[in-house]
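See below for the structure under consideration.
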Amino acid sequence: RFQACVYFATVFQAMSCGIHYLASVFMAVTPKFVCAIPGNVSSILFHNSSKSSIEDIWTLWASAENYIVVQLENGEIWELDQCSRSKRGVSLDLTYEYEGNKSIFSCSDGFLYDDTKWKSTVVTQWDLVCDREWLAKLIQPTFMLGVLFGAVIFGDIADRLGRQRVIWFTSTGQFIFGIAVAFTFDYYSFVIVRFLLAMVSSGYLVVAFVYVTEFVGIKARTWASMHVHAFFAMGIMVVALVGFLVRTWWVYQIFLSIATLPFILCCWMLPETPFWLLSKERYEDAQKVIHIMARWNKVSTPCKVSELYSAQQDDLVSCRMGDSDTSSTKKHNILDLFCNWHIARRTITVWLIWFTGSLGYYVFSLSSVSLGGSEYLNLFLIGAVELPCYIIACIGMDKLGRRNTLIPFLILSALICVLIMFIPQDLNILIILANMAGKFSIGVAFGLIYLYTAELYPTIVRSLAVGSGSMMCRVGSVVAPFCVYLRSVWIFMPLLLVGIMALLSGMLTVMLPETLGKPLTNTLVEATEIGRNKKSCSEKTPPAHSGAPLQKIEMFGQE
């Protein structure tokens, strides 16, 4: 009961991470626009249609190459393009086609935007179009850059100061910075506050994974860690719902930020994990948490930290006496992930899978609003399809194995990318279903790589391996928005890149060893032998004794 309450309270806030990660898909929309009119208008012409107002033109607007012809009250005739306006030299009859002399001017009076879908976006707020369009395209990449920094900084702080304090700070920070974004006064303050919001959102997500893992027992650990992703996906669904209901960007941002306010009000009740308290030798505090767990779980004889501590000391002494070389500790760095050809090949493959999973995940998510039909429904479905994919991933990992689940879904995602290219563009429903299938397959691969990476490397470099893989994941998330922008070059370019990367990753994964049912390794030699022999060195080597006391806590937590 205790673990369930802690788990659902913690992962509920993970929704806010999904919310802020994808909020820009509607907040930074660029609607149809033309140069503003330099005076009072008497008549408007678009092709062969004469209208009384600009608002009536937007339903006919089909391409950025179109322009509007307007006649002012003083008799001047102007052609309004998206990024320039032209004054006709001789003002005769009002016609759409004109071959005479024109004087070209910049859009010094601003722009006119189509507000039928969105009353206001950050693009219309600060005119992020034409020569300032690149600023709009930097909104999502700079956010993802903040995600990268936040994962590194808060992951380290959580190890030093504790998981509880970081969860308090980052969850409160998400609310404060989320509200602050809505009240920024210019583009640059908007980007800076969003960068800070990205840091705390990423920091919360990283620490939440560790936090729930340290509280949940061994039996439920795989399912619990995987379904943190599911709550992230629910956040994407919230974005679609709020985007449909609220069409002014700053109001939209406020509603998204208060969606998880209940957690902010009660997060101070979450305890520190006994694992971290024991690692910092805060035994009395750890005992208090254990007593709380016992009271909630109705356990009459909870374990005593003093007994665990004495057992741990005995294990450490026996371990040092039995292994003389353990007395000299060696600091490990990133080069240890390339210590020999087998480990180096494994590292390159794992990094590629991390990068591909993140790239595909965000390409499918960000491009969903451009598939045709209702962009709100598209994004909602892209988020909803993740919920069953993590169930399939968990079942596949336990029944088929990590590698045997990863390979087919990577290759399947590559095939789906190719399939989408051959679907006629007027078949919107089929295109949306294919994109959902692509998001499903890449989601399975993206979800299980966390656990698979931890099992592929030995204890001495396991955190380093997962951390470096996570860094490649963040790089993929930074690259993804730029990949989506390549639609302007060729509509299928993002899918082609994701398909190539997924196919290459799937082929290289064949060379990775299977880890299902095998004990975790302790040394690089043991890790190298995984999959090479029927009986690996890791099976001959018993697990480290010093973990036994902590295992007792896990067993107690499940009783």
Side-chain angles (χ1 to χ4, degrees), residues 15 17-19 21-26 140 226-244 353 356-396 405-449 476-477 480-481 483-484 486-487 491-503 505-506:
M15 283 198 301
C17 300
I19 286 172
Y21 276 43
L22 273 295
S24 67
V25 295
F26 297 131
Q140 188 66 17
M226 284 288 286
H227 282 80
V228 176
H229 295 288
F231 281 85
F232 184 94
M234 291 173 65
I236 298 176
M237 297 162 67
V238 171
V239 171
L241 180 61
V242 176
F244 176 75
I353 297 170
T356 302
S358 179
L359 180 69
Y361 183 94
Y362 287 107
V363 164
F364 280 115
S365 297
L366 294 172
S367 61
S368 63
V369 296
S370 305
L371 298 178
S374 171
E375 56 265 49
Y376 310 106
L377 180 60
N378 293 350
L379 185 64
F380 185 88
L381 293 175
I382 284 292
V385 77
E386 286 188 57
L387 303 182
C389 96
Y390 298 126
I391 298 176
I392 298 297
C394 289
I395 295 173
T405 302
L406 186 59
I407 293 172
F409 278 103
L410 281 172
I411 295 177
L412 178 61
S413 62
L415 294 176
I416 291 173
C417 288
V418 175
L419 176 64
I420 295 174
M421 298 181 192
F422 292 96
I423 300 177
Q425 289 299 294
D426 56 340
L427 299 178
N428 286 339
I429 295 179
L430 194 57
I431 291 175
I432 293 169
L433 290 175
N435 275 268
M436 289 176 63
K439 177 68 177 297
F440 180 93
S441 56
I442 205 73
V444 172
F446 192 33
L448 68 83
I449 191 58
S477 64
C483 188
V484 173
L486 292 176
R487 286 175 61 91
I491 192 172
F492 297 123
M493 184 64 77
L495 290 173
L496 179 63
L497 295 176
V498 172
I500 292 173
M501 297 297 293
L503 181 61
S505 301

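For clarity, every value in this text was computed on a predicted model and none was experimentally measured.
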* **Steps toward side-chain contact (heavy atoms from CB on, under 4.5 Å) verdict (L497, L486)** => CA-CA 10 Å; L497 295 176; L486 292 176; 3.7 Å; yes
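Heavy atoms only, all atoms of each residue included: I19 and G235 are closest at CG1-O, 3.4 Å. The shortest heavy-atom contact between S413 and G438 is CB-O, 4.4 Å. The nearest pair of heavy atoms linking G506 to I411 is CA-CG1, 4.2 Å. The heavy-atom pair separating S365 from K439 by the smallest distance is OG-NZ, 3.0 Å. Listed here is the closest heavy atom pair of G443 and C389: C-SG, 3.8 Å. Of all non-hydrogen atoms in S370 and R487, the two that sit nearest each other are O-NH2, 3.4 Å.
Proximity of M237 to L241: side-chain heavy atoms (C-beta onward) are nowhere separated by under 4.5 Å. For the pair H227 and I391, the minimum side-chain heavy-atom distance is below 4.5 Å. Taking 4.5 Å as the limit, every side-chain heavy atom of V484 sits out of range of all side-chain heavy atoms of Q140.
Note that OH of Y362 and CD1 of I442 are 13.0 Å apart. Values are rounded to the nearest 0.5 Å. With rounding to the nearest 0.5 angstrom, the OG atom of S477 is 10.0 Å from the CG atom of L366. Within the model, atoms CG of N378 and CG of N435 stand 8.5 Å from one another, a figure rounded to the nearest 0.5 Å. The SG atom of C417 sits 9.5 Å away from the CG atom of L412 when rounded to the nearest 0.5 Å. The structure places OG1 of T405 at 11.0 Å from CG of L410, a figure rounded to the nearest 0.5 Å. Taking CG of L495 as the reference point, atom CD1 of I500 lies at 11.0 Å (rounded to 0.5 Å).
Just one residue in the list V238, I236, I382, V369 forms a side chain to side chain contact (heavy atoms under 4.5 Å, CB included) with L22, and that residue is I236.
Classified by interplanar angle (parallel below 30°, tilted 30° to 60°, perpendicular above 60°), the ring pair F409/F440 is tilted. Ring pair F446/H229 is tilted by interplanar angle, where 30° to 60° counts as tilted.
Atom CZ of F244 has 12 or fewer heavy atoms from other residues, nucleotides or ligands within 6.0 Å.
Checked against the 6.0 Å centroid criterion, the rings of Y21 and F232 qualify as a close aromatic pair.
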